[in-house]
Every structure is written in C-alpha cells, then in structure tokens.
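Both ligands and their constituent atoms are indexed starting at 1 by order of listing. Basis for what follows: all heavy atoms, side chains included, without hydrogens, waters or symmetry-related copies.
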Amino acid sequence: MNIKRRTAEPYKIKSVETLSMLSRTEREESLKRAGFNTFLIDSQDVYIDLLTDSGTTAMSDAQWGALMTGDEAYAGSKSWKQLEQAVRDVYGYEYVLPTHQGRGAENILSQLKIKEGDFVPGNMYFTTTRAHQEMNGATFVDIIIDEAHDPSINLPFKGNVDLTKLQALIDRVGANKIPYVCLAVTVNLAGGQPVSMQNMKDVYELCQSYSIDVMLDATRCVENAYFIKEREDGYGDRTIASILKEMLSYSDGCTMSGKKDCLVNIGGFLAMNDEELYIRSRELVVVYEGMPSYGGMAGRDMEAMAIGIREAVDDHYIEHRIGQVRHLGQQLLDAGIPIVQPIGGHAVFLDAKAFLPHLAQEKFPAQALAAALYVDSGVRSMERGIVSAGRDIQTGEHIKPNLELVRLTIPRRVYTNNHMDVVVDSILSLYEKRDWICGLKMVYEPPTLRFFNARFAPLAESGKLIDEENKVKQIS
Ligand SMILES: Cc1ncc(COP(=O)(O)O)c(C=O)c1O
Ligand SMILES: N[C@@H](Cc1ccc(O)cc1)C(=O)O
C-alpha cells in the first residue's frame, strides 16, 4: 500500500487561551461599533484572529523561562549582549541596534539615508516603510516583476526584482539620487512571495557597481529561506540557517520587525556592516528609541528575542509553519476560491475582485469581504487593497492597486489545522452568498495610514452588509 505519511506540529501545547464565540447578532453589533473596519474590532469579540502574524506568536517554554533572566539595567544590559550575539550569529551583520519594532528601524534608516527629492526603489511597497520614505522626501518606485501584480500567475519567485526596471530608474534619475534599494524578503503585499537567491545576488551586484546600498526588509526572511530551499537549484540539501546567512550576505544591512520571524511579541532592530552608518544610527536611536542597549525593549523582551531568532531557523519549525499556511490555502484552491498564487509564506490572500466581481474598487470590495467574513464566523482578516494603498501624494486621488485582497494571516505556533478548517468552511459558505454582499462607503478617513482607523458604512439601503434573508443581489 502506498501510504502518504502525514506530519504534525513539531511542538506540544503547554498552556491554552480560551477563545470567545459570539453569536452572529453580537458579531454584527461589534462590527458596526468598529465602523466595518476589522482593525477596530475588540479582540475579545474575535474567534480566530488572522488579522496579522505580527507580535501574535506563541513563545516557547525556553522563551518564557528566559523572561525571568532579563537584565533591566538602563545601560549595558546583558540581555542586549545576548540579542546582539544572536543577530550576529544567525544573520551575520556586524553592527546591530535595537528598536521598539520594525518601523522604529525604518524611521532611523530613512532619516539618515534619504534626502529631499531622492527615489527609493523597492519590490512592492509596504505601508509603514513607504510612509517613512515619503515623510523624508523620497518617492517610492516599484521595481518588482510585473507578474507580482497579477494574483493568478503562479511563479516560484514572484517577489523578484525586475532588474531592467532598476536599471531604467538608475539611468533616469542617476545613482546619486538613489540612497538605497529596499528589498523585502518575502514581499508581504504581493502575497508573502519570496525572492530567489539568484535575484538577490543580481540586485546586489548591480547596486554595487553604482555604489548603491541594498537594505533588506528582513521581516520574514526565514520564510524566504524556506522557499529557496524548496524551489531553487542547489539549495535542497542546505540548512535554513545556512541559506539565510547566504541571503543576507547579498545586502549591506536590514531593518527587522522582530514580531514576525524572531518569534516574539514586540521588538525589532536595524543592522548593517558599515561602521559610519552604525555610529550615526546610534545617535538617532537615543533620540527615538532609548539607549543603544535596549532601544525600546525591556531586558526580558531581548532575552526572548535572542532565543526566538535561533528557534526560527530550526528546519522542522519552518517546514510546519509554511505547511500550515498551505493547509489553509490548498483547500481554498481545491474548492475554486480565487486566491493569490502561489500560496505565500505568512498568509493566504483572497482575491476580492474575483470573489466580489459586482463591486467596483471604489466600493472597497476587500474591506467588505473582510467584514463579511467576520460576520459569518468571527474570523478576523485584513484588507490589503485600495484602502491600504491610500492616496497619491501628488494628485490626492485613491491609489488603485491591481491587487485587491483580503489577507488571512497565520500567527506562528498559535492555531491548529482544525482552526484552519473552520476558516475554510466559512469562506466556502460566504462564497455561495457572495452576490448578497454589498459595498461600503468610507465615512471617516485619516490622513496617513488610513486603513488602521478608517470607518465605513454599508451602501445597501437596508444598512445590511449581507442581506441573506432577502437574498438581494447587490450590484455596483
Ligand atoms: C514587510 C514589513 N515591513 C515592515 C513592517 C513594520 O514592522 P512593525 O510592525 O514591527 O513596525 C511590517 C509590519 O508592520 C512588515 O510586514
Ligand atoms: N507588519 C504587520 C503589522 C501591520 C499591518 C498592516 C500595516 O499596513 C502595517 C503594519 C503586518 O503586516 O501584519
């Protein structure tokens, strides 16, 4: 008999947190209070929280144990030494500075490197990263391959940079107007898509020939390493740790949100090999974050992060992590639900344009779908479409991204595959009722990073987001 052997979690559960299970009416009320924005729903009203994989990790017993050993000294904390050493060992950069989270590092890097009128190329934008670049006077330029903007194209390395786009930008504006290339591994908004080792090498070589730095957004770099092991020739027998080290060697430094691939609930860092940049960054760390020996983190947080950095490169951990995301995504694909392909590293992304073709993009289909999913089952997801893209800084018009997505983001080591199955069932049932889901109008719009706090209302006259009783087919 040909038995397909299954695998299970490479950990067992030592402590549990009870989930709240509201009635549908209670969820409808909660959503209304939240202005139909899943960011504004109280977490106690959520059953399965797939809003983000950021800071939502379950820590290991070793990490919890280490909290007690945290050195809370204002200066020279020994916990900082542990963290610094872990970054040096696992990531390979010479200089490290702690920050309270990823955007703390983005702030410092952008302030130091960007001058008014500069251009920062990147493989698709990320909200906070672009906000810091723009606040410092730069224009973000997207240099990701075109295919990344099409949810249905299946490519192994859909996060790759199009080198002709990078070369064209250098030719157009000149290398001296490009302070650095911001290379994300993986690419969050493209669907958690990886960059190949070859592409990282090529970008680095091209940049070196023009003395342009390559600064990684290393937030999900371990997930990227896994895809290289799985998909790129010559890496199948290598450890994740060695692939990761090689990846980062094709860069001059990185910003890191420790809340993802460092397996902790808070923290981040800025790392680099250039001593001069390090000294200047240290000056800003004391202004914005705290002493360079804690940077906004408690000593106990740094102890936990030092351990998380090493745990994340365990081959069994990462194989299960990516496997769980696929467990969710593959069932949706098999059932014909439109999702971004291939399935990425940290999340499954529903293609809201294809799910709700009756809603024009100005009616916020991804926002409406995320809200409808919450009503259906208490599963919280996140809009990643026109609301997240914001407005063009020049024209003030909505930026209309090709990708209008709902992100189902899987926290690390938190949920079981049974939870994933519940999510699948809810999405399948919603797909059957999709015609009855109406669009939204934005009734409050904050000026920056609007998706966090914006408020919406249903466009349907009934005021109902899903009119199941009357089965009213919604048209745009
Ligand atoms: C790709 C990427 N870069 C940067 C950040 C910023 O990190 P943080 O949330 O820790 O500030 C995030 C998440 O916010 C992210 O997903
Ligand atoms: N980086 C986290 C938290 C976050 C969410 C949305 C943002 O636009 C910014 C930050 C995430 O991607 O989930």
message = Tyr74 vs Tyr294, test: ring-ring contact (aromatic ring centres under 6.0 Å, His included). Steps then yes/no.
response = CA-CA 8 Å; Tyr74 189 82; Tyr294 71 85; 5.4 Å; yes
inquiry  = Heavy atom to atom 3 (N) of ligand 1, shortest distance: which of Asp217, Asn188, Ile266 holds it?
reply    = Asp217
For Arg220, atoms of ligand 1 separated by under 4.0 Å from a heavy atom = 1 (C), 15 (C), 16 (O)
ask   = Considering residues, nucleotides and ligands other than Ile279, do more than 12 of their heavy atoms fall under 6.0 Å from its CD1?
value = yes
request  = Would you please determine whether Thr409 falls within less than 4.0 Å of ligand 2 on a heavy-atom basis?
outcome  = no
note = Of all protein heavy atoms, the one nearest atom 5 (C) of ligand 2 is Met382 CE, 3.7 Å
ask   = Which of the numbered atoms in ligand 1 are below 4.0 angstrom from a heavy atom of Arg103?
value = 7 (O), 8 (P), 9 (O), 11 (O), 14 (O)
ask   = Would you say ligand 1 has an N or O under 3.5 Å from any N or O of Phe126?
value = no
task = Just jot down the ligand 2 atoms closer than 4.0 angstrom to any heavy atom of Thr52, in number order.
result = 2 (C), 11 (C), 13 (O)
message = Please list the nearest protein heavy atom to atom 13 (C) of ligand 1 with its residue and the distance rounded to 0.1 Å.
response = Lys260 NZ, 2.6 Å
query = Which protein non-hydrogen atom lies closest to atom 4 (C) of ligand 2, naming both residue and atom, and how far is it?
reply = Phe126 CZ, 4.2 Å
ask   = In terms of residue, atom name and distance, what is the protein heavy atom nearest to atom 8 (P) of ligand 1?
value = Gln101 NE2, 3.3 Å
query = Under 30°, 30 to 60°, or over 60°: which ring-plane class applies to Phe451 and Phe39, parallel, tilted or perpendicular?
reply = tilted
request  = Using a strict 4.0 Å cut-off to heavy atoms of Gly102, name the atoms of ligand 1 that fall inside it.
outcome  = 7 (O), 8 (P), 10 (O), 11 (O)
query = Does Tyr91 have its ring centroid less than 6.0 Å away from the ring centroid of Phe269?
reply = yes
key: Heavy atoms of other groups near Arg310 CZ, more than 12 under 6.0 Å   = yes
query = Have Thr219 and Lys260 got a donor and an acceptor in their side chains that come within less than 3.5 Å?
reply = no
query = Is the distance between the ring centroids of Tyr317 and Tyr11 less than 6.0 Å?
reply = no
key: Non-hydrogen atom of Arg407 closer than 4.0 Å to ligand 2   = yes
note = The atoms of ligand 2 lying under 4.0 Å from a heavy atom of Thr127, numbered in the order shown, are 7 (C), 8 (O), 9 (C)
task = Pick one of side chain, backbone, both or neither for how Lys259 approaches ligand 1, counting any non-hydrogen atom pair under 4.0 Å.
result = side chain
query = Going through the distances and angles, do His100 and Tyr288 end up as a ring-ring contact (aromatic ring centres under 6.0 Å, His included)?
reply = CA-CA 9 Å; His100 72 285; Tyr288 291 104; 9.9 Å; no
task = Please write down residue, atom name and distance for the protein heavy atom closest to atom 7 (O) of ligand 1.
result = Ser257 CB, 3.3 Å
query = Where does Asn188 meet ligand 2, judged by heavy-atom distances below 4.0 Å: at the side chain, the backbone, both, or neither?
reply = side chain
key: Within 6.0 Å of NZ in Lys201, more than 12 heavy atoms from elsewhere   = yes
Closest to atom 1 (N) of ligand 2 among Lys260, Glu383, Arg384 (heavy-atom distance) = Lys260
inquiry  = Less than 4.5 Å apart, side chain to side chain, heavy atoms only: is that true for Phe456 and Lys441?
reply    = no
request  = Would you check the N or O atoms of Thr128, main chain and side chain alike, for any that come under 3.5 Å of an N or O of ligand 1?
outcome  = no
inquiry  = Using a 4.0 Å cut-off to any heavy atom of Glu106, which atoms of ligand 1 qualify?
reply    = 3 (N), 4 (C), 5 (C), 6 (C)
message = Closer than 4.0 Å to some heavy atom of Arg220 - which atoms of ligand 2 meet that?
response = 11 (C), 12 (O)
query = For Ser54, is at least one N or O under 3.5 Å away from an N or O on ligand 2?
reply = no
Tyr415 versus Gln324, side-chain donor and acceptor atoms under 3.5 Å = no
ask   = Can you list the ligand 2 atoms lying under 4.0 Å from a non-hydrogen atom of Arg103?
value = 10 (C)
query = Hey, are the side chains of Tyr180 and Gln133 touching, using non-hydrogen atoms and a 4.5 Å cut-off?
reply = yes
inquiry  = Within the 4.5 Å heavy-atom criterion, are Ser60 and Glu311 side-chain neighbours or not?
reply    = yes
